[in-house]
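It should be emphasised that the depicted structure is a prediction, and the values quoted were computed from it without experimental measurement.
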2 protein chains.
Amino acid sequence: MIRSVPSRQHDIADDLRQQITTGRISPGERLPSEADLASRHKVSTVTLRRALAVLQSEGLIEKVQGRGNFVRHPVRKIVYVGGWGTLDPRTAAEPALRVTVRSTTVQAHGQLTTLLKVPAGSPLAEFSCTSFEGESPHGLARIYIPRDLAPAGLLDNASAYRAPITRFAVLTVSPAAVRETVCARPPTPEEASTLRIASAAPVLAITRVATAATGRVVEAALLAFPGNRIDAVFTTHHMLDERQTQG
Amino acid sequence: MIRSVPSRQHDIADDLRQQITTGRISPGERLPSEADLASRHKVSTVTLRRALAVLQSEGLIEKVQGRGNFVRHPVRKIVYVGGWGTLDPRTAAEPALRVTVRSTTVQAHGQLTTLLKVPAGSPLAEFSCTSFEGESPHGLARIYIPRDLAPAGLLDNASAYRAPITRFAVLTVSPAAVRETVCARPPTPEEASTLRIASAAPVLAITRVATAATGRVVEAALLAFPGNRIDAVFTTHHMLDERQTQG
DNA sequence: CAGTGGTCTAGACCACGCG
DNA sequence: GCGTGGTCTAGACCACTGT
């Protein structure tokens with residue numbers, strides 16, 4: 001058995017997890033201070049903090065320096081719908097989320113030149129998006145579009161734009177192809193603080209490149225979500241020109 | 001500035017990361033013992049171990065109890081190709097990987113009944129796959145197929161099966177639709193030990209459900225990869241007017 | 001200011017791997 | 001047995017948040 005030596009930190013994590021999932025501690029509520037919890041469970045602060053780190057990596061609690069540890073609101077998993085495709089019913093039923101959008105113009109550099117296949121220095125419209133679910137942020141995006149393709153209105157009045165926020169979509173036309181690359185990685189310091197996750201908690205990072213029928217790349221998006229708060233769903237339908245042996 | 005107080009653990013992590021990425025410590029090589037490193041950097045063992053945890057969560061090192069900390073082989077990112085689609089050129093160029101496959105018959109239960117849309121207790125063929133890149137494991141899969149759809153030969157002679165291993169494909173026919181759900185989460189204890197990652201290091205978990213044209217679910221696969229060692233790529237083509245021909 | 005989390009120390013003991 | 005990593009302690013000091 002792997003758990004032959006049940007570590008104190010996991011015992012405590014299990015105990016607190018129980019209290020959270022059974023509702024004995026309500027979402028939004030503050031946990032007792034770490035010093036309290038440590039003395040209650042008769043462990044050192046280091047051990048107690050490791051227990052909390054487990055819960056944080058599971059997305060159950062949120063740490064705020066100087067204020068305390070808080071139970072996150074019920075893990076209503078956000079659904080990211082890949083492929084610019086049809087909307088999942090669950091997405092349509094998404095609760096109201098707030099999205100802040102800030103748009104600027106930047107020059108292509110580094111990775112962006114590769115993704116967008118433009119020379120360095122090309123003017124790009126950059127949209128920095130952060131979405132919130134109530135208080136807690138739950139998504140980050142930087143979307144880059146060649147300057148001449150950016151919808152004019154957006155640059156002036158970004159806040160008026162109401163988009164399918166789980167996708168951070170800005171384009172108004174459907175591209176011919178979308179390639180999305182997904183990986184799990186530790187958050188950058190900026191992401192960790194913005195999303196209120198631990199530097200140990202993974203983010204689900206999605207790099208989305210949309211290409212027009214002409215082959216021109218019309219959008220590159222760098223998205224980051226708290227790994228435990230999102231499911232990215234990709235649906236692929238196969239044309240019937242392939243052999244279909246299922247009766 | 002976020003780094004106003006550059007923590008010792010990050011300084012050390014940065015230093016070691018430098019030595020690893022510049023090749024001053026070779027892949028496969030063992031790092032000095034934690035006690036050594038701690039005294040060299042003049043930090044406590046706890047702090048040094050936190051520094052190593054950072055590198056581990058980045059997939060740079062591998063900890064082996066009783067033996068030491070080892071530099072992982074160059075992060076050759078595995079590419080998981082979603083959607084049962086055409087193979088990415090990079091996938092075709094994948095190095096030889098070893099895959100172990102163990103097949104058994106189980107009865108549908110829990111989540112499986114939902115995924116496969118079969119009643120509890122239905123006979124399923126289960127394929128437990130582990131793939132290795134040299135020494136290090138880099139992927140886990142459990143694939144479930146309704147018993148009557150399982151290729152007969154596989155059940156008897158699984159080892160003979162050589163499949164596109166980055167996809168853990170078992171089906172020999174293309175399904176009509178594939179839905180893949182991706183999330184990042186902490187590994188289960190089993191995954192952590194099999195993949196040799198920390199319990200804090202995220203796995204990229206992919207749940208794949210393949211459906212035939214009839215609507216019958218012909219496969220459910222639960223995949224887990226070390227988050228930092230894989231990119232999952234999903235490509236969606238939109239054929240609004242143009243009938244695409246891949247190629 | 002008091003209370004909280006964030007980082008760190010200088011030890012200790014245990015479990016594992018290997019000769 | 002010995003060296004290794006894994007867990008833990010009982011403090012300490014700093015940075016942040018609120019009053």
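Once rounded to the nearest 0.5 Å, the distance linking CG of A:Leu60 with CG of A:Asn69 reads 12.5 Å. Note that CG of B:Leu37 is 6.0 Å distant from CG of B:Leu16, once rounded to the nearest 0.5 Å. Taking CG of B:Leu222 as the start and CZ of B:Arg208 as the end, the distance is 10.0 Å to the nearest 0.5 Å.
Remark: A:Arg142 pairs with A:Glu190 by the salt bridge (charged side-chain N to carboxylate O under 4.0 Å, His left out) rule, at least two apart or across chains. The salt bridge (charged side-chain N to carboxylate O under 4.0 Å, His left out) search around A:Asp14 returns A:Arg17, not counting sequence neighbours. With sequence neighbours left out, B:Arg30 forms a salt bridge (charged side-chain N to carboxylate O under 4.0 Å, His left out) with no residue at all.
Regarding B:His41, its NE2 atom lies at a distance of 16 Å from the P atom of C:dA10, rounded to whole Å. One atom, NZ of A:Lys63, and another, P of C:dT4, lie 13 Å apart when rounded to the nearest Å. Atom NZ in B:Lys42 sits roughly 12 Å away from atom P in C:dT9 (whole-Å rounding). The CZ atom of A:Phe70 sits 13 Å away from the C1' atom of D:dC16 (whole-angstrom rounding). Straight-line distance from the CZ atom of A:Arg50 to the C1' atom of C:dG6: 14 Å, rounded to whole Å. Whole-Å rounding puts the A:Leu48 CG to C:dT7 P distance at 15 Å. The distance from atom NE2 of B:His10 to atom C1' of C:dT7 is 11 Å, rounded to the nearest whole Å. Per the geometry, CG belonging to B:Leu55 stands 16 Å off C1' belonging to D:dG5, to the nearest Å.
Neither OP1 nor OP2 of D:dG5 sits under 4.0 Å from any side-chain N or O of B:Arg49. OP1 and OP2 of C:dT7 both lie 4.0 Å or more from every side-chain N or O belonging to B:Arg8. Between A:Thr47 and the phosphate of D:dT9, there is a side-chain N or O to OP1/OP2 separation shorter than 4.0 Å. Between B:Asn69 and D:dG5 there is a side-chain polar atom (N or O) within less than 4.0 angstrom of OP1 or OP2.
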Name each donor-acceptor pair under 3.5 Å that joins a side chain in residues 43-54 of chain B to protein atoms two or more places apart or in another chain, with its distance.
| from | atom 1 | to | atom 2 | distance (Å) |
| --- | --- | --- | --- | --- |
| B:Ser44 | OG | B:Thr47 | N | 3.3 |
| B:Ser44 | OG | B:Thr47 | OG1 | 3.2 |
| B:Arg49 | NH1 | B:Glu34 | OE1 | 2.9 |
| B:Arg49 | NH1 | B:Glu34 | OE2 | 3.1 |

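When distances run from any side-chain atom of B:Gln9 to the nucleotides D:dG5, C:dG5, C:dC8, the shortest one goes to C:dC8.
The stretch residues 26-37 of chain A has no heavy atom under 4.0 angstrom from DNA chain D at all.
At least one donor-acceptor pair closer than 3.5 Å links the side chain of B:Ser33 to the backbone N or O of B:Asp36.
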Protein-nucleic acid N or O pairs under 3.5 Å, nucleotides 17-19 of chain D:
none

Is there a side chain to side chain contact (heavy atoms under 4.5 Å, CB included) between B:Glu126 and B:Leu124 once you walk through the steps? CA-CA 6 Å; B:Glu126 179 194 77; B:Leu124 303 175; 5.9 Å; no
